[in-house]
Every structure is written in C-alpha cells, then in structure tokens.
Amino acid sequence: MTLTLGIDLGGTDCKYGVVDDSGKLVRTAKHPTESHLGFEGVIDRIALHARDLVGSDRVDRVGMGVPGPMSSRSGVVFESPNLPGWVNVPVRRALENRLGIPVALHNDANAAAFGEFWAGAGQGCRNMVQFTLGTGIGGGIIVNGELYVGADDTAGELGHMIIDFNGPPCNCGSHGCVEAYASATAIRRIVREALAGGTRTAIRIPDDAEEAFGAKIVHDAALAGDEFAISVLRRVGEALGIAAANVINVLNPERIVYSGAMIGAGEFIFAPLRETACARAFRLPAERAEICIAKLGRNAGIIGAAGLALKTGAA
Ligand SMILES: [Zn+2]
C-alpha cells in the first residue's frame with residue numbers, strides 16, 4: 001500500500017495527515033504555523049512535524065495545499081496574506097530539499113475540492129464543482145476526473161462569479177460577486193444594516209462577538225421562527241442558486257458540493273438554492289446536477305493534497 005503525506009497550510013495552523021491510496025486517513029496532527037518565523041523557519045517546522053507524523057512508515061510523496069496565489073507547476077507561492085514574508089517563495093523546492101521526496105503544491109481551496117472529489121461527496125462522479133462557504137466563498141472545479149486550475153492556477157474562484165451588474169462591493173475590488181451576498185461576511189453586513197435600520201428581528205449581535213458572529217446566530221433565530229432571519233437565509237440560498245445555475249449551464253457537472261460552516265443552516269439555504277438553480281438553469285443539466293453536502297469536513301484539505309500528490313506520481 002502506498003502512503004502519502006498531506007499537508008494543509010493555514011495562516012494560524014498547519015494540518016498533517018498520512019493518507020492511504022484509497023483516500024483514508026491513517027493518522028493526523030495539527031500544529032501552529034508560527035508564521036512569525038518567516039518563510040525558512042515555517043518550512044523548517046513543517047519538515048519537522050512531517051517527519052514526526054510519518055515516523056518509521058514509508059511515504060513516497062507529499063502534497064501540500066497553501067493559501068494565496070501560487071503556481072502548481074513551478075511550486076512557487078507568489079504571496080500569502082496571512083504568512084508574512086511569503087512573496088515569490090520556492091515552497092516546493094524548499095520542502096523537497098528538507099524531506100528528500102517529491103512534493104506537489106496546490107492552492108488550498110483546490111486541494112480541498114479534490115479531497116471531496118476523491119474520497120468524499122464526489123466519489124463515483126467525473127465532473128464536480130465545490131463551493132466552500134466561509135468568511136469568503138472559495139471552491140474548486142473537477143472536469144473529467146482532473147482538477148481544473150486554468151492557465152495560471154487561478155481557476156475555481158467561484159465566490160467571485162458576478163451575479164449582479166450593480167451589486168454590493170466585494171473584497172476582490174469588483175462588485176455583485178456571489179461572495180458579497182452569501183458569505184458569512186455578507187450575512188454579518190446584512191444583519192448589521194437591518195438592525196441599524198430598525199428591522200424587527202430577534203437576532204442580537206453578542207457584545208463579545210462583534211466581528212465573529214456567524215450564520216449560526218441567524219440559523220438559530222430562523223429555527224425559532226424569526227421572519228427576518230428566514231428571509232436572510234432565503235436570500236443567501238437564492239444567490240447561491242444563481243451561482244449554481246451559472247455553473248450548471250457552463251460545466252454540466254454531476255454534483256455540486258457545498259462545504260464550510262454555513263451548510264449548518266440546512267434547508268433554510270438549500271431549499272431556495274435548489275429551487276432557484278432549477279428555475280434558472282437549462283432543464284437537462286439542472287436535473288442531472290445533484291446538490292450535495294461535503295463529507296470530509298476540515299480534513300478535505302489534507303486528503304486532497306495527498307490525492308493530488310498521488311496523482312502526480314502516477315502520471
Ligand atoms: Zn469578488
């Protein structure tokens with residue numbers, strides 16, 4: 001059996017997993033990234049923790065998902081907002097030098113989508129699109145069983161699909177992106193604006209969570225019958241449904257998979273999502289596309305990074 005090490009590098013934590021050739025996790029670890037150590041220091045720590053986790057097992061390859069724009073071909077990360085000093089850094093070469101085995105490097109959102117495709121909600125299909133619903137909206141695209149990264153590794157920015165000519169501003173500098181309607185950040189903005197405008201709702205933003213309150217607060221209010229909360233989640237579902245209709249018309253996927261904290265809102269989001277997608281997309285591909293929930297949770301990134309490394313090795 002071939003074992004592969006998957007690494008999911010984040011600004012705060014770095015996750016590690018030894019993964020078998022069917023995509024099952026053999027064991028995992030999580031350590032702080034210690035981004036203050038700078039590029040070489042962080043890579044030193046990663047190599048140390050990777051060796052610790054692998055122990056006496058034989059691991060042939062390493063796959064790592066990294067945040068921020070990068071090139072999977074050259075293994076260079078161009079910049080990473082949460083990793084100070086990471087500007088045009090040769091991550092793949094640095095890690096290969098320390099570990100002595102081949103490393104495959106990918107964008108973290110793409111790696112997570114590939115993980116779901118390989119060993120989670122995408123199993124058994126060939127064409128899949130994943131939306132990751134969090135602070136922002138990320139994702140990944142699988143076409144004919146392969147991760148689609150485009151000419152410059154920038155494909156899969158599903159959150160920046162523009163769904164309105166004159167919509168609200170988005171973090172990316174554009175406006176009307178689906179992220180500006182359906183991310184946790186967008187929900188916070190909508191709730192704040194409504195509270196400031198005197199909308200009748202039971203939603204109260206907790207004092208200690210001014211920045212961090214999430215979809216759960218709105219979901220809890222919706223469960224208690226709060227009309228405003230239900231309408232907020234319906235609007236989120238409709239925005240995601242428009243995005244899904246675009247994906248359905250353009251790519252004809254077998255499955256569209258949703259991951260991230262927001263999926264906890266369940267049918268408050270998914271009922272309007274399915275309804276809107278069906279109403280707005282061509283009938284045949286809309287009937288074909290299954291709307292699914294991700295299965296691997298926070299492990300999708302390490303499993304997908306390992307899967308992509310395994311695929312590189314087999315090619
Ligand atoms: Zn945008």
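Model, not experiment: these values are computed from the prediction. One-based numbering along the sequence shown. Start at 1 and go down the list; that is how both ligands and their atoms are numbered.
The neighbour count for Arg280 CZ, taken as heavy atoms of other residues, nucleotides or ligands under 6.0 Å away, does not exceed 12. Atom OH of Tyr148 sits in a sparse spot, with 12 or fewer heavy atoms from other residues, nucleotides or ligands closer than 6.0 Å. Within 6.0 Å of atom CG in Asn88, more than 12 heavy atoms from other residues, nucleotides or ligands are found, so the atom counts as buried in its surroundings.
Around the Zn ion (ligand 1), the protein atoms of type N, O or S that sit closer than 2.8 Å are His160 ND1, Cys170 SG, Cys172 SG, Cys177 SG.
In plain terms, the two heavy atoms of Ala182 and Val236 that are nearest each other are CB-CG1, 3.8 Å.
Ring geometry, His49 versus His31: the interplanar angle falls under 30°, so the pair is classed parallel (tilted spans 30 to 60°).
Between Arg298 and Asp13, no side-chain nitrogen of the basic residue sits less than 4.0 Å from a carboxylate oxygen of the acidic one, so the salt-bridge criterion is not met.
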